[in-house]
Engineer: 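This is the structure I want to talk about, given as structure tokens.
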Amino acid sequence: MLKQSRTISKMQMLFSIACFIQASMLLTSFFTPVGGSSSWLAVISSYLVFAVFTIPLIMLIKNFPDKNLFQINAIVFGKVGGKIVSAIYLIFFWTLSSLNTKDIGVFLQQTVMTKTPTYVTIFFLMFLCAWATRKGLSVVTRYASFFFGVSMIIMIFSFIFSYNLMDFSYFLPILDIEPIRFIQTTNVSLNIPLGEIIFFLMIHPEVRDINKNSGKVVYIGSFMGMLNILLVVIHDTAILGEAGKLFTIPTFETLRMISIGDVLSRVEILFAIMLMLLLFFKISFMVYVTTISIAEILEIKDYRRIAFITAALVYISSYIQFNDSYIHAEFGITVAPLIWTFIEFFLPFLTLMIFIVKQKYKKGSEQTA
Amino acid sequence: MIFYASVIFLLIILVEIVPFFKEKNKKDGIKASIVLLFAMIPAYLFFSNIKVYSPMYLMYELFMWLGWHYPALG
């Protein structure tokens, strides 16, 4: 069993959750083409659904403040059952880490470093992530509040600078989409940025006093992250309208249009910097979680010793997950919401239910004895 | 690419796998080697232009075949 000491504060966890969710703003292109001008409503409704669906996660943290998700699985499902359930989570963590790595590689090649091959940029990114993982969670999460502050400032300024480009009539008519499309948009928005906080169930034993106010930390952190996603969706819809569907990174295109006199232009580089910071944070956190997951499942005593191996695994799989970016996008829109719901919300709910039933059965048998 | 990949894998073996065996922690060394193999085999197949399918891609194909999915964009 992996030993995790209390190294970070609740505040660090709160900002880490916010940054982690915010980093998914690149993936708004997964749901804005489906939801169109009503995407902003789907984002709000997804947060409301999330507030209910995340109760089992918070209850698991409260009931097991010293155990990570894999240790909880071993207690609830038994040794073999726990390993099987943990293996599902491990594939999920590994897949998401590699998909996000692929996303940042493609983003950098499309926008900032157009002539540099992705395998070079991703290589250096993975090296840094593995290095941070070796140093521990406190290093990985140290700059979360700084990254959050910087990204919030950039987002607010870009909102102000592009105000003259906005046309709020693009939001009308409200909810002019089929119900299934609204549900689909809500589901994608629920799973891709929000549900990914399941990663934090692997690190909560490293947070000081997590048994007190854990719900507050999760809700406030996710709200802060979601607020930024909502701002991005409103910003993109107000500027591009239905044309936003045509772009892979709509926010980047909207910021390209900003020109205040001859003084202020090319503001999109700020967005690129912000996204690089956030995605670096997210990927290093994901690599950390994947590393401790592998160490936990294989019962390796010191997870730090396999950080570079995990980074190599994530690096290689970022190339083979989806060879075609069109299939990757279609997977994100059509199939991922269903698989992700099962892993992010149904499995923790099932774990909690089995735990409660076992506890009741145990109490009942103790009373009869 | 195969050359660069080999150099990187060799460095990883030297930095991460060899110390396990030096400390006579064979059990963890073997486990770490298995994880590294999971990275090495797909890497060499991929760089040799042999198609490799990830578990998630196979899952995607299965769900599409079963019809368990949201409507595509069209």
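So you know, we letter chains A, B, ... as the sequences are listed, proteins then strands, and number each from 1.
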Engineer: Within this structure, what is the CD1-CG distance for the pair A/I309 and B/L37, rounded to the nearest 0.5 Å?
Structural biologist: 10.0 Å
Engineer: For residues B/F63 and A/T334, determine if any side-chain heavy atom of one lies less than 4.5 Å from a side-chain heavy atom of the other.
Structural biologist: no
Engineer: Less than 4.5 Å apart, side chain to side chain, heavy atoms only: is that true for B/I8 and A/Y315?
Structural biologist: no
Engineer: What is the minimum heavy-atom distance between B/K31 and A/E299, and which atoms define it?
Structural biologist: NZ-O, 3.5 Å
Engineer: Answer with side chain, backbone, both or neither: which region of B/K27 has an atom nearer than 4.5 Å to a non-hydrogen atom of chain A?
Structural biologist: neither
Engineer: Does any backbone or side-chain atom of A/T95 lie under 4.5 Å from a heavy atom of chain B? Answer side chain, backbone, both or neither.
Structural biologist: side chain
Engineer: Can you tell me how far the CD1 atom of A/I316 sits from the CZ atom of B/F9, to the nearest 0.5 Å?
Structural biologist: 4.5 Å
Engineer: Is the backbone of B/P71 close enough, under 3.5 Å, to the side chain of A/Q184 for a donor and an acceptor to pair up by distance?
Structural biologist: yes
Engineer: Any idea which of A/V34, A/N187, A/L99 has the most non-hydrogen atom pairs under 4.5 angstrom with chain B?
Structural biologist: A/N187
Engineer: I want to check something: taking the side chain as every heavy atom from C-beta on, are A/E330 and B/H69 in contact at a cut-off of under 4.5 Å?
Structural biologist: no
Engineer: Under 30°, 30 to 60°, or over 60°: which ring-plane class applies to A/F322 and B/Y60, parallel, tilted or perpendicular?
Structural biologist: perpendicular
Engineer: Who wins among A/R304, A/H328, A/Q321 for the most heavy-atom pairs under 4.5 Å with chain B?
Structural biologist: A/Q321
Engineer: Is any side-chain heavy atom of A/D302 closer than 4.5 Å to a side-chain heavy atom of B/D28?
Structural biologist: no
Engineer: Given heavy-atom pairs under 4.5 angstrom as the criterion, report whether the side chain, backbone, both or neither of B/I13 touches chain A.
Structural biologist: neither
Engineer: With a 4.5 Å cut-off on side-chain heavy atoms, are A/F308 and B/L11 touching?
Structural biologist: no
Engineer: Measuring heavy-atom distances to chain A, does B/F47 have an atom under 4.5 Å in its side chain, in its backbone, in both, or in neither?
Structural biologist: side chain
Engineer: For A/L313, is it the side chain, the backbone, both or neither that has a heavy atom under 4.5 Å from a heavy atom of chain B?
Structural biologist: both
Engineer: Just verifying a value: how many Å separate B/L45 CG and A/I320 CD1, rounded to the nearest 0.5 Å?
Structural biologist: 8.5 Å
Engineer: Check each atom of A/I294 against the heavy atoms of chain B and say whether the ones under 4.5 Å are side chain, backbone, both or neither.
Structural biologist: side chain
Engineer: Quick check on B/F21: does its CZ atom have over 12 non-hydrogen neighbours (other residues, nucleotides or ligands) under 6.0 Å away?
Structural biologist: yes
Engineer: For B/F46, is it the side chain, the backbone, both or neither that has a heavy atom under 4.5 Å from a heavy atom of chain A?
Structural biologist: side chain
Engineer: Which atoms of B/P55 are under 4.5 Å from chain A, going by heavy atoms: the side chain, the backbone, both sets, or neither?
Structural biologist: side chain
Engineer: Indicate yes or no: at least one non-hydrogen side-chain atom of A/L338 is less than 4.5 angstrom from one of B/Y70.
Structural biologist: yes
Engineer: So, does A/R305 use its side chain to make a donor-acceptor pair with the main chain of B/G29 at under 3.5 Å?
Structural biologist: no
Engineer: What closest approach, in Å, do A/I300 and B/A32 show between heavy atoms, and which atom pair accounts for it?
Structural biologist: CD1-N, 4.3 Å
Engineer: Can you measure from CD1 (B/I12) to CD1 (A/I306) and round to the nearest 0.5 angstrom?
Structural biologist: 12.0 Å
